[in-house]
**Student:** 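Dumping the structure here so I can ask a few things about it.
Order of the sequence lines fixes the chain letters, A, B, ..., with proteins taken first and strands second; residue numbering starts at 1 for each chain.
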2 protein chains.
Amino acid sequence: MSSIDTELANTIRADIIDGTFEHGARITEARLCDSHNVSRTPVRLALRRLEQEGMIRKGDGRGYVVEEITVDGIRQAVMVRGHLESLAARLMAQSEKQAQDLDRMALAIERIEALIDQGSLDDDTLKNMHAENFAFHNTILKGCGNSYVKFTCDQISHLPMLASGSMVFDRDSIDGKTDIDKTILRLKIGNSQHRIIYKAIEQGDPVRAEGMMREHSNTMIEYIEVFEQRKNKLTVRDLVSYSVQGNPRIEDIEEKAAS
Amino acid sequence: MSSIDTELANTIRADIIDGTFEHGARITEARLCDSHNVSRTPVRLALRRLEQEGMIRKGDGRGYVVEEITVDGIRQAVMVRGHLESLAARLMAQSEKQAQDLDRMALAIERIEALIDQGSLDDDTLKNMHAENFAFHNTILKGCGNSYVKFTCDQISHLPMLASGSMVFDRDSIDGKTDIDKTILRLKIGNSQHRIIYKAIEQGDPVRAEGMMREHSNTMIEYIEVFEQRKNKLTVRDLVSYSVQGNPRIEDIEEKAAS
DNA sequence: AGCAATATGTTGGGATCCCAAATAGAAAAT
DNA sequence: ATTTTCTATTTGGGATCCCAACATATTGCT
C-alpha cells in the first residue's frame, strides 16, 4: 500500500481511462475530497501528478478538465514507444552487452516459445507470456546503456497499452469464438522477431536490431487496426479489455528468472 | 509570476544543474522551508515535481537525494530527443502538411541564413538565432500529427540543452579567442540541413526527412565531443555556459513571425 | 564492555484553516 | 428588458498543526 496520493492518482487515472470521467469534465479538488473521504493535500498531489502525465489539464479559469483519450491517441503513443524501443535496440547492439542481459532475453524467448506450444491461451498462460514479453523488452530498455530511453518510455506508460512489453490479445479468439490459429500464428511471428532482435544485438548489428524492433513495434499498431476493421466503433475501453491486465512486478520476474 | 511551487521547482532545479546541490546530497522539506521562507505545501509539490522529472529520487530511508547530472547523461538525453525529432520529421513528411507550418519553417531558415550572413555573433544575434531554431524544430514537433512526440520531448526538456531547438555555441570563438570561421561554418552546415529537412518534408520523402533529422540531431552531440577534446574535464556547468540562455517565449516567436 | 531496549528527535504524510482570486448570481440602473 | 456592477460563493494556493514512522542516542541489563 503506497501513500494516499499515489492511490488516488491511480484511481482517478483508471476512472478517466474507463470513461467514468468523460473528457472535458471539470474536476475540482473539493469534489474529490468528498467522494474519496480524504483531505485536500493528497488530492492536490494526485492532481498535479496527473497533470504532469497529461491525463488532465488546467482549465480556462479554475479547476482541471479531463483530457480525452482516444484510440488514435493510443496509437500515437504506441508509435512513440516503439520508436524509442528501436533506439534502445540499436544502442544495445552497438555497445558492450551484459551477458546476463542476453541470457535473460534468450530465456524469455524460450519461455514464450514453450507457452505458445501449449496451444491453449488461458488467462494464466497469457499472464506468464506477458511477464516474459515484459522481461524481454525491459531488458533491452535497461541494457541499452542510455538510461533516458527507459525513463522517457516510462513517462508515457500510464496510458493503457503502454506499459513495458504490453500485449494485446484477441479475446474473441481466446474464447473460441473465432479461430485461435491466427492468434497463435501472430504470437509465433512476434517471438521469431524476438529471436532476430536478440541475434542482431548479440552479433552487434545495430541496423538490423533497430529495423527489426521497429517492425516488431508495429505489431500492436497493426493489431489495433485489425480490431478497428472488425468493430465499427472501437473504443478505448474495448482496447483495454483486449489487453492483458495488471503489470507484472519486476521482483516476480526476477524471482522466476532465478528458478 | 507563476505559483510558488513552480518557482521553487525552477530554483531547486537550477541549483541542482549548476551544482549548488551536489549529487547525493540529502534534501529535506524542512530545510527548504527554512531557506526559502515558504510553507511545506509548495515545497512538497515542488519536490514531487522534481521527483517525476528525475532530478531527485527518494532516498533509502527518509528524504530525497539529488540525482547526479553528468555530461554523459546530457549526451544520452540529447540522443533520445534527436531520435524523437527524427520520428517527427518522418511523420510530418508522410502526412498532409499545414501550409502555415511549412511557411514558418521556410521563414526560420531564411532568417537564420540572414543572421549568419551578418558575420558577427553578438548576444542578440544568438538569441534571435536560437528563437528561429526553436521555431523550426518546434513546428515539426507540433506539425507531425502525433502529439505524443512533442509531449514526450517536453518531458525531458528541463535538463540543460534539451529545450526545443536548443543550440550550443563555442563561447571562445564568439569572444574572438579562437577563429570564428569554424563556428560560422558549423552554423551554415546546420542550416543547410534545415533546408534539406524542409525539402524532404515538403516533397513527402519520409526516409530522407528522418535520416537528415537524425544527422542534424547529431550536431550537438558532436559539438559536445569537440568541447570534451578541448577541455580535459568538461562539466555540466561548462556546457550550460556554452548554451544560449533563456527559453524564447512562444508568444514572442509567433509575434515576430507575424511581422 | 557489549548488546538490547527504550526514549527522544527528526521527517514525511495527512488534515484543517485562512486568504485571495475568480466566477456566478442577483440587484440596480439605463 | 438588457446591461452593468456589486456581492456572495466557489475554488485553488499557502500556512500551520498533528500524527505516525523511522532513525539515532541514551540508558540499562547481562
Side-chain angles (χ1 to χ4, degrees), chain A residues 1-16 20-68 154-155 158 249 251, chain B residues 1-16 20-68 154-155 158 249 251:
Chain A
M1 191 63 177
S2 328
S3 49
I4 291 185
D5 62 313
T6 308
E7 296 293 323
L8 242 183
N10 293 338
T11 306
I12 300 171
R13 194 185 303 116
D15 284 346
I16 293 174
T20 304
F21 290 139
E22 69 271 20
H23 69 274
R26 293 277 188 289
I27 284 191
T28 149
E29 292 184 0
R31 200 113 45 208
L32 289 171
C33 292
D34 193 37
S35 58
H36 292 82
N37 287 317
V38 289
S39 134
R40 283 183 48 203
T41 308
V43 170
R44 284 246 276 288
L45 291 169
L47 289 181
R48 284 302 182 91
R49 171 177 301 216
L50 293 173
E51 184 195 5
Q52 267 197 314
E53 289 178 1
M55 305 287 297
I56 61 178
R57 195 184 42 186
K58 282 215 227 22
D60 275 342
R62 283 287 141 100
Y64 291 92
V65 290
V66 178
E67 201 75 48
E68 184 174 18
D154 288 344
Q155 292 285 77
H158 29 263
R249 287 298 85 199
E251 302 79 38
Chain B
M1 190 66 176
S2 328
S3 47
I4 291 183
D5 62 315
T6 308
E7 294 295 321
L8 241 183
N10 293 338
T11 306
I12 299 171
R13 194 185 303 116
D15 284 345
I16 293 175
T20 304
F21 290 138
E22 69 271 19
H23 72 274
R26 293 278 189 285
I27 283 190
T28 147
E29 293 184 1
R31 200 113 43 207
L32 290 171
C33 293
D34 194 39
S35 59
H36 291 81
N37 287 317
V38 289
S39 132
R40 284 184 48 203
T41 309
V43 171
R44 284 247 277 288
L45 290 169
L47 290 182
R48 286 302 182 92
R49 171 177 302 218
L50 293 172
E51 184 194 5
Q52 268 197 313
E53 289 177 0
M55 305 288 298
I56 59 177
R57 195 184 41 187
K58 282 216 248 328
D60 274 342
R62 287 281 138 110
Y64 292 92
V65 291
V66 178
E67 202 74 49
E68 185 174 18
D154 289 344
Q155 293 284 80
H158 31 262
R249 288 298 87 202
E251 303 79 39

**Student:** Checking all strands, does B/Ile4 fall into the base, sugar-phosphate, or nothing category for heavy-atom contacts under 4.0 angstrom?
**Tutor:** sugar-phosphate
**Student:** Kindly point out which of C/dG13, D/dG13, C/dA15 is positioned nearest to the side chain of A/Glu29?
**Tutor:** D/dG13
**Student:** Would you compute the distance between atom CG of A/Asn10 and atom CG of A/Asp15 and round it to the nearest 0.5 angstrom?
**Tutor:** 11.0 Å
**Student:** Nearest to the side chain of B/Arg48, heavy atoms from C-beta on, is which of C/dG13, D/dG14, D/dT11?
**Tutor:**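 Side chain of B/Arg48 sits closest to C/dG13.
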**Student:** To the nearest angstrom, how far is B/Asp34 atom CG from C/dG12 atom P?
**Tutor:** 14 Å
**Student:** Considering only C/dC18, C/dA15, C/dG13, which nucleotide approaches the side chain of A/Arg40 most closely?
**Tutor:**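 Looking only at side-chain atoms, A/Arg40 lies closest to C/dC18.
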**Student:** Quick one: B/Glu7 CD to D/dG14 P, roughly how many Å, whole number?
**Tutor:**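 After rounding, the gap between these two atoms is 10 Å.
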**Student:** Taking the side chain of B/Pro42 as heavy atoms from C-beta outward, which of D/dT16, D/dG14, C/dT11 is closest to it?
**Tutor:** D/dG14
**Student:** Does B/Val66 reach the side chain of B/Glu22, with side-chain heavy atoms less than 4.5 Å apart?
**Tutor:** no
**Student:** For A/Val38 and B/Ile27, take the nucleotide of DNA chain C holding the closest heavy atom to each; which residue's nucleotide lies nearer the 5' end?
**Tutor:**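 This one resolves to B/Ile27.
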**Student:** Could you tell me the separation between the CZ atom of B/Arg26 and the P atom of C/dG12, rounded to a whole number of Å?
**Tutor:** 11 Å
**Student:** Whole angstroms only, please: what is the CG-P distance between B/Leu8 and D/dA15?
**Tutor:**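 These atoms are roughly 9 Å apart.
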**Student:** Can you measure B/Asp5 atom CG to D/dG12 atom C1' for me and round it to whole angstrom units?
**Tutor:** 11 Å
**Student:** What's the CD-P distance between B/Glu51 and C/dG12, to the nearest Å?
**Tutor:**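 It is 12 Å, rounded to the nearest whole Å.
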**Student:** Which value, rounded to the nearest 0.5 Å, describes the distance between A/Ile27 atom CD1 and A/Lys58 atom NZ?
**Tutor:** 14.0 Å
**Student:** Between A/Pro42 and A/Ile4, which heavy-atom pair has the shortest distance, and what is it?
**Tutor:**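 A/Pro42 and A/Ile4 have their closest heavy atoms at CB-CG2, 3.9 Å.
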**Student:** Choose from C/dC17, C/dG12, C/dA15 the nucleotide whose nearest atom is closest to any side-chain atom of B/Thr28.
**Tutor:** C/dG12
**Student:** Atom CG of B/Leu32 to atom C1' of C/dT11: distance rounded to whole Å?
**Tutor:**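 In whole Å, C/dT11 C1' and B/Leu32 CG are 13 Å from each other.
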**Student:** DNA chain D: A/Gly63 or A/Thr41, which has the more 5' nearest nucleotide?
**Tutor:**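 Result of the comparison: A/Gly63.
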**Student:** Can a donor-acceptor pair under 3.5 Å be found between the side-chain atoms of A/Arg44 and the base atoms of D/dG14?
**Tutor:** yes
**Student:** Round to the nearest Å and state the distance from B/Lys58 atom NZ to C/dG13 atom C1'.
**Tutor:** 11 Å
**Student:** Which atom names give the shortest non-hydrogen contact between A/Ile56 and A/Leu47, and what distance separates them?
**Tutor:** CD1-O, 3.5 Å
